Structures are given as structure tokens and as C-alpha cells.
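The structure displayed is predicted, hence computed values, not measured ones. Throughout, protein chains are lettered first and strands after them, A, B, ... in sequence-line order, and every chain is numbered starting at 1. Hydrogens, waters and symmetry mates are skipped; everything else that's a heavy atom, side chains included, is used.
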Amino acid sequence: MKEGSLPKAYEFQEVEPNCYSYWEREGFFHADGNSSKPPFSIVIPPPNVTGQLHMGHALNNALQDILCRYKRLKGFEVLWMPGTDHAGIATQNVVERQLAKEKLSRYELGRESFLQQVWKWKEKYGGIIIKQLKHLGASCDWDRERFTMDEGLSRAVRQVFVQLYEEGLIYRGKRMINWCPRCMTALANIEVEGEEIDGHLYHIRYPLENGEGALVVATTRPETMLGDTAVAVHPDDARYSSYVGQYVVLPLLERRLPVIADVYVDREFGTGALKITPAHDFNDFEIGRQHQLDLIQVISENGIMTEEAGLYAGLDRYACRKRILKDLEKGGYLVKVEDYKHRVGHCYRCKSVVEPMQSLQWFVATRPLAEKAMAAVRAGETKIIPSKWEKDYFGWLENVEDWCVSRQIWWGHRIPAWYCGDCGEIIVSLQDPTECTKCKGSQLEQDSDVLDTWFSSALWPFSTLGWPDTTADLKKFYPTSVLVTGFDILFFWVARMMMMGIHFMQQVPFREVYVHALVRDAQGQKMSKSKGNVIDPLIIMDQYGTDALRFTLTALAVQGRDVKLSEERIEGYRHFVNKIWNASRLVLMNLQDLEVVEEIPRRPERLMHRWILSRLQRMIQEVEESLQNYHFNQYAQTLYHFVWHEYCDWYLEMIKPDLYGENPAAKRLAQSLAAEVLKDILILLHPIMPFVTEELWQKLPQTTGSVMTATFPQPDDQRLDASSEEQMEVIMEVVSAIRNIRGEMNVPPSLRVDVVCLCEEPSGISLLQSHAGTIIDLARLANLRIAHVGEHKKPRAAASTVTKGVEVHVILQDILDFESESKRLAKELGKLEKEFGFAQKKLSNEDFLAKAPVEVIEKEREKELRLAEKVDKLRRHYDMINHLRESAAMEE
RNA sequence: GGGCGGGUAGCUCAGCUGGGAGAGCAUCGGCCUUACAAGCCGAGGGUCACAGGUUCGAGCCCUGUUCCGCCCACCA
């Protein structure tokens, strides 16, 4: 489908879907477990089936795609393993909300048919995010797509649970846990988000039983007083020492509470007297345990006050608080109310305030697993990048507590534990048991709970590769090469994958973890629907194209810093996509009559060719280095600058005369080289901008197949050419100097002017002479005279400057305004003299000369010399202009 | 309370191991120069948060101050 010419504009709306289906058809994303190529593997952080692609996904997957596409070009057997997560609580909530619209609850439906509903929902909507990932260009091996609740992964979950149970690393126990009264389930500690709240500290008077005074306690949660079973003071607190051992009477309920002493109490805080509610507070629970206090549960699982709350029973916990405060006040018990900011735990799924509660749950004994996970990172078996996250990783693992893994919801992996109705035995096994292993009874009932979603996610790197079977995929692709993820799931997911991976595979799940930043809005705010600052990647892709979005995200992906995204930024980079398109148009237009692609010499004769080839080698090196170090922004920006400001601005402009000219050999070389460099540019850019590069690749005559199957260019040291780069610099400087003067002196582009360049060195003369045509074209000149300084009279009516040892005189015969030229020169002189002054000062500093490295001094000397010359020449010209100005004034 | 990141051009940000600051957008001036007006050519704009220190030399290293953001923590 080489058509030779390109449409005027890049129609990404058509190109993107076509490209993608072409890639899929050709099987370019497919990884071969039996390949002899070196492996490179990534498992996708499985998005929730309920998910819609947001900017976080877009960034995360764009970066993974870059790595995968890059490694394919480098000849690796690349597996990017895709899939989705069943997202227990989140998905169940979505379906429950849907049911609520029909005035149905899951309880009315019953477990079986509710689960059917969820599966139905999953079949219908679960693929949305996958489609969106494809829209983004993700080159995942979709043949291998997995779901955390598919058959194979469920088998892995069960195997892991049973084995951990048998090893004593999973147990069931009654513990204090965090409970979400809205989701009606236990949560793991990290699933609770502490949020600062403007609350109050209530001082409440608890009268002594003997009538002689009272103790005043301070609390933020007065409703919990109904479950109080003691009041504690510090044992060394002189104020209260006489109270210890006595009893106070709990207001409203009139219950006798012992006054106990415990060092936990902070004498400085509040009143120094602490009410103890063992059933509804982690610390109180602990104190209660030590002092053998009763547990009185006054708040039930759905946040309603229990029978134990007496006349407050049946009230919602917050309504109860209000009522209690009123009653306390009425009874004269409320001593003081202070404003008080404090942190309150919220459910990470529904944001409800969680309740600490004592409950019978399943736990993973995390310590032993955590030790190994830490050791692996310490030993460098897994590297976390940027390394600052290692600190967080260790910090969390060092203090990790047992992981509550049972959830009182229905959507998820059912816990493979059965309870014998006859003898109470717990049976945990791979196969569903039919009789009790202990008493042979048949009254078995399976635990109704399901596992934490993160339990199955923790197995993702090996469960997706076929574990517990020993598969070719596991052998080839485990450990995976790198995990790309946001820091927000470092503990939820990364740390747990490390623990499980090491325990079950005896090897870390990934060699490297690249932790990227969060995407925020232009003001640095978290994007959220309620703030209305969400930039939707789907809308952006439709509006600007996927490549523009991907390039923007990549260019902004600086290590360790949040990505602050704005639409203007994306718009800006869309222009870059367009630029590439148009550069390719130019190249292709001029390729039409190219019969044979010219063999490109290692060192072409013409400077511009040598220059662009040399620059290209440097780009390749820089790109590789950037990618190896995960400096995605550097990768994007390096190419941006090279393509736009070197290849387009200079190289393509410079070869135009050859392209349009009559010299067939020069033309062929220019055509071939422009195309050849473009070809490499397309490969270099392909990982970031897969679509436009593929489309253009298809159009280039010297390419075959897909850019995806191309080979990443090898930097050719023999084409590195520092002297060509220096020489080009001179040409570019001279052109810029002329343009600058034209601009400042308001010379319209249509007016071709004469320029005289006076050089110091013979080499400069020959360089300029051999590129006179280029300079004439690029600076829009009529004539260009090049001579040695001594051999040519300085032009009078000229605007002038000095650069790289060249005096540049722009002849403005009749139009030179001495007044403005004098001003312009004064300004330029001022700048130069200041710079010159700096250099002089530095070089007259003896300490500098004594202590600075010789190269630096040498560089500074050269600089001073250059500046001195420049200043001198400019000043002479300045004087002359001023003289002319004066005499012109006299004539009038 | 502890830890981390950040305060650089009007805005959003680069600036990799210290050698006198860059980009995109925005602003201003000139151009439809046959790839591109989503473009081309040029210009203006910065006491690199503040105060000390180390150094011949600091945006970069150290100390302190201040402001912002995030994470962690059982003082009710």
C-alpha cells in the first residue's frame, strides 16, 4: 500500500483503529513461550472490571506499552500479560446500586442469583476497559487475557489458601478489626483511610459512686460511652490516685464502672481520665483485655445501636450521638465542648466512617512472608525505581500486622473452609469435602465469606502464567522483567506480590519495579469528579488523537514527580504529531521519482548530511540511555527537539535545493538520506507514538512490513562527527545572526538583501563559501560576499553583528536607519560587555586559576578571547554607525 | 508527631554526577517563503521561596526559616 503521497492532514480517527486491528490480525502482540529470543515480560496492573479508563490508567499503560514496544524492537520475546480484576467490594457495590434502582437488595435476591447478576453485569460491561486500553494502543497479548476469578486463577487462589493454612500462615481468629457498616464487611488495616475531620472533644462528668465528686473524661465519640466498662487514669497521676479502685456511675445508663490505672493513659491529654470502651476501640480493647473488662457491643454491624444501648437501641450511631449529648446536657453531665481536629478512619471503597469491632475473621500471618519480601529487596533481587520508594516499602513491611483476608461480601473467591455441624471441626482442602475429616459427619457448611480481592491480585504474576501447573510460560517469563505501577498500590499490591511470589515460586515476581507518579490537574489537585477537574483520556483521544495524549504523558513523566496535566499541553504536543506528518509529506513528495534508493555512504561528502547522521547517532544513544533508566520525559523531549528543531528546521530546509535541483546524484542522496533518517525517527518514536509512526512507515518506499517488526537502530560510532557538528554550528549561527538582524530591523522576508561576511580564518572562508547557497536560501539573501577581514572594506550602511569569528554585515543601503541600528548595537554591546566582564573577573581571580580544573580554565579563557574580539569588533562598528548618524544629522 | 516531595519566565514544567539558567503554552513584532498558519522567522520576560554556610565557583551540596502537597502513626 505504498501510495507515494500523503493526505494533507493526519486523520487519526481513521488511522488508529485500522492500525490496531492490523497489528492484532498479524499477531504482533503475541508472545511465544517457546521462543529462543531473550524474554521480556510485564504483567499489567489489572484494572477493575468496573473501571473506566482514567488518566492514571492512561499513564500507567502508556509507559508499559513504551517499554514493551521498545523491547520488541530490540529483539526480545515480549509478553505483556493483560487482564482484569474482579474488584470484590467495588463491583458488588456497583451491582447493588443497580439493583437498588429496582428497589431490590442482594439479600432479597439471595446469594446464588445475586452472583448470577454480577456475572451477567461482568459479561456486559467487563470488557469496556479492555476496549479502552486498545484505544490507547496497548500492545498486550490479548490471547492470554485473564480475569482474577476465571477458572485457572481461582484454582491458584485455592491452592495458595490451602497451603498457607497447612503451613500455619493462615488462621481464623477473633480479633479487633475495622468494619465498614455500609459495605457490611471487615476491612484490612490498609483499606482504612484516615481523614482529618473537624470534630469536638466532649468532656463528660462521671460521678463517683460514693457521691464524693466525679471524674471528668474527654471523648470524641460520646455514643460509645454506652459500651464503657471502666475509666482509666495514669497510675502516677497524683490528681486521681485516690480514685483508683473506686467506682464511678456511667451517666444515662447508671452502670458501675471501675476506675483502673494504666500507663497507656496520657496525663497531658484532655482531663487525664480516659473512658474505656473495649468493644469499639483498638486501644480500649487492649486495655480491656489486660484488665479483664467486659466487652459490651453497643453498635451493630450496620451502624445501628444494639439492645445493649438501652433506650438508645435502634438509633443510627450519629443520631444516637446527638441524643446522648442532649441528654447529657440535660442531666448536667456535659462539662465542656471543645473544637477538635482529629483523624477518623474511612472505608476506602465507600468512604463511610469505619467502626472498630471485635470479629471472627481469617488472617494471613504476614510477618514471615514480609521478612522474605524485605530480604529480596535488600539483596537487590528486586530493584525499586526511584529508590526512594524502597524506604516506604521497608517501613510498611517492618510494621505490618496480620492481614485480615475474609470479607463478608458475596462477590469473590469463597473461602475454602468448611465447618462440621457435628463436631465443629474446620476443614480446609483443595477438594470440596463431603464428610468431616474428624467425625465423618456430613453436616458440613462452607464458610460464607469470600477473600479480599488483593489476595488474588497478590498471585497475579504467577497465576496468570499457569501456576500451579509448571508451564512453558512460567519458565520463560517468570520472574517478570519489570512491574510498572503507581505508588498508591505499593502496599496493597506490590508488597503482597513480593510476599506471595517469593513464598510460592521461590523467586521474586519481578526484577524491577518502576513506580510512577500520579496524574493531577494543572493546579496539582487530584482529579476527581466532585471537583470537576477530570481530564478524560477517552475524550482527549477522540479530540487530539492517542499519539498526542501518549506523547504528552511521556514528556511529563518525570521520575518522582506528579504529572500535572493540562489540555493546552496536549494540544501543544498534537502539533508535534502534525509536524512529523508534514515532514514525512515533504520527504515522500520528493521520493516519487526516486528509482533506486541510494546507498548511504558512511561519511557523505556534504556537511549537512554528515551533520544529521552524526546527530542521529547521538539521539539513538540518548534514547536508549533514557529508556534504560526510565527517564521517559527525557526520551520524549530529546526526540521532540531533534525532530523539530534539527531535522525539520535545518536539515530538511537545507536539502531542499538538492531535492528540487538538477544534479541527479545530489538529489538521490538527499532523497535517500532524508528518508533514511525519517525511517529511524519513526522507529525511535514508535514506542511513544505507535499509530502515526506505523501509518508513515507503511508509506515509506524503503520499508517493508510493520514498524513493529523493525529493528531498533544501532548507533554507528563511525558516523559520529564532532567537527561536522561544529561546522554546522557556524553555518546555523551565521544564518540566525542575519535573521535576527532582519527581524530587529524590520526587514520584510520578501526583501532579499545583500550580506557581507568577513572571516578571521581561511577555514571559515572556505566553509562559508561552500555553503553560500544554503545561507542565501535560509537567510533570504540577494547576494553574499565572503572575504577575509583584511581584504574587504567594512560596509558602511549595514547592520552588523559578530558570531563564531565571523563579522556579519547586512547591507541596508537606503533603508538603514542609523538611529535604530545604533540603539540595537548599544543593546547588544551591553549584553556582551557584561558577559565579558564576568569572564574577565573570573580569570583575574587567583583562587579560580589555582583551584579550578584546567579544562574549565581553558574553556573560560577561550570564552574571554572570543568575547573580547566580538566586543572589539562590535564597538568599532558602533562607533562608525554613530559617526554616520551624526554626519547624517548635520546634513539635514 | 514522624517521613517524603516541591517552591525556577505570566502559566505548566525541564535542568541527569556543582562551571553563571531552558522548553511548551501565553505575550509582542514580521511573514500565506510550493511539508506544515496545528506553520515559519524574530523579540521581550527570571535577585532559580527566604536567610546563612561549604566552595575558586551553588538553581544544584549543608543548616535554618517559611509556604504548599502527599504518605505514615492507637493519645481518647
Side-chain angles (χ1 to χ4, degrees), chain A residues 6 8-10 194 201 217-221 224 232 264-266 268-271 273-277 281-286 340 342-343 356 388-389 391-392 395-396 399 487-488 490-491 517-518 520 522-526 544 548 552 555-556 558-566 568-569 571-590 625-626 629 631 633-634 637 640-641 645 648-649 652-653 656 660 736 739-744 746-750 777-780 835 838-839 842 845-853 855-857 859-860:
Chain A
L6 288 179
K8 199 162 161 114
Y10 170 50
L201 192 59
V217 300
T219 180
T220 54
R221 304 194 57 197
T224 61
Y264 168 76
V265 179
D266 180 355
E268 308 298 318
F269 189 89
T271 59
L274 173 63
K275 65 192 254 335
I276 303 296
T277 323
D281 184 280
F282 280 90
N283 300 309
D284 292 9
F285 178 80
E286 194 46 40
Y340 185 63
H342 63 131
R343 290 177 78 82
K388 65 165 181 165
W389 294 110
K391 237 182 180 175
D392 288 54
W396 187 73
N399 301 307
F487 63 78
D488 49 335
L490 193 61
F491 309 144
L518 242 52
R520 300 173 179 278
Q523 277 69 48
Q525 301 276 320
K526 231 178 196 162
Y544 302 100
T552 309
L556 297 182
V558 182
Q559 266 190 24
R561 251 174 107 149
D562 287 341
V563 172
K564 290 189 200 163
L565 190 69
S566 67
E568 293 75 51
R569 210 67 198 244
E571 207 181 329
Y573 285 122
R574 176 188 55 170
H575 297 173
F576 181 54
V577 178
N578 191 245
K579 190 74 184 175
I580 296 164
W581 182 261
N582 280 298
S584 306
R585 275 186 76 210
L586 172 72
V587 173
L588 279 167
M589 269 177 184
N590 290 292
E625 207 186 306
S626 303
N629 298 313
H631 288 142
N633 63 312
Q634 210 172 48
Q637 278 157 5
Y640 180 94
H641 189 268
H645 298 301
C648 290
D649 283 355
L652 290 183
E653 293 302 328
K656 274 179 182 173
Y660 303 145
S736 294
R739 284 170 170 175
N740 180 318
I741 287 173
R742 293 184 62 124
E744 295 244 320
N746 279 319
V747 180
S750 51
D777 286 336
L778 295 186
R780 305 192 63 75
E835 221 179 311
F838 275 130
K842 214 168 190 176
N845 182 341
E846 278 173 35
D847 282 333
F848 175 71
L849 296 174
K851 289 174 186 168
E855 323 73 272
V856 176
I857 298 173
K859 232 168 91 186
E860 201 62 29

*Using a cut-off of strictly less than 4.0 Å, decide whether A:Tyr660 has a side-chain nitrogen or oxygen near OP1 or OP2 of B:A35.*
yes
*Please state how far atom NZ in A:Lys275 lies from atom P in B:C75, giving the value in whole angstrom units.*
16 Å
*Of all the nucleotides listed (B:C36, B:C31, B:G19), which has the minimum atom distance to the side chain of A:Pro749?*
B:C31
_B:G57 OP1/OP2 closer than 4.0 Å to side-chain N/O of A:Asn845_ = no
_Of the listed nucleotides B:C36, B:A76, B:C72, the one nearest the side chain of A:Asn582_ = B:C36
*Does a side-chain N or O from A:Lys579 land closer than 4.0 Å to OP1 or OP2 of B:G39, or not?*
no
*NE2 of A:His645 to NZ of A:Lys579: how many Å apart, nearest 0.5 Å?*
8.5 Å
*asked:* Please determine whether a side-chain nitrogen or oxygen atom of A:His645 lies at a distance below 4.0 Å from atom OP1 or OP2 of B:G24.
replied: yes
*Do A:Lys388 and B:C4 share a donor-acceptor pair, side chain to base, under 3.5 Å?*
no
_Would you say A:Lys8 places a side-chain N or O within less than 4.0 Å of OP1 or OP2 belonging to B:C36?_
yes
_Candidates B:C16, B:A23, B:C56 - which lies nearest the side chain of A:Gln634_ = B:C16
*Measure the CG-OH distance between A:Asn578 and A:Tyr10 for me, rounded to the nearest 0.5 Å.*
11.0 Å
*asked:* Looking at B:G39, I'd like to know if its phosphate oxygens (OP1 or OP2) sit under 4.0 Å from a side-chain N or O belonging to A:His575.
replied: yes
_B:A35 phosphate, OP1 or OP2, under 4.0 Å from A:Lys656 side-chain N/O_ = yes
*Return the value, rounded to whole Å, for the distance between atom CD of A:Glu835 and atom P of B:A21.*
8 Å
*Is A:Tyr640 near enough to B:A14 that one of its side-chain N or O atoms lies under 4.0 angstrom from OP1 or OP2?*
no
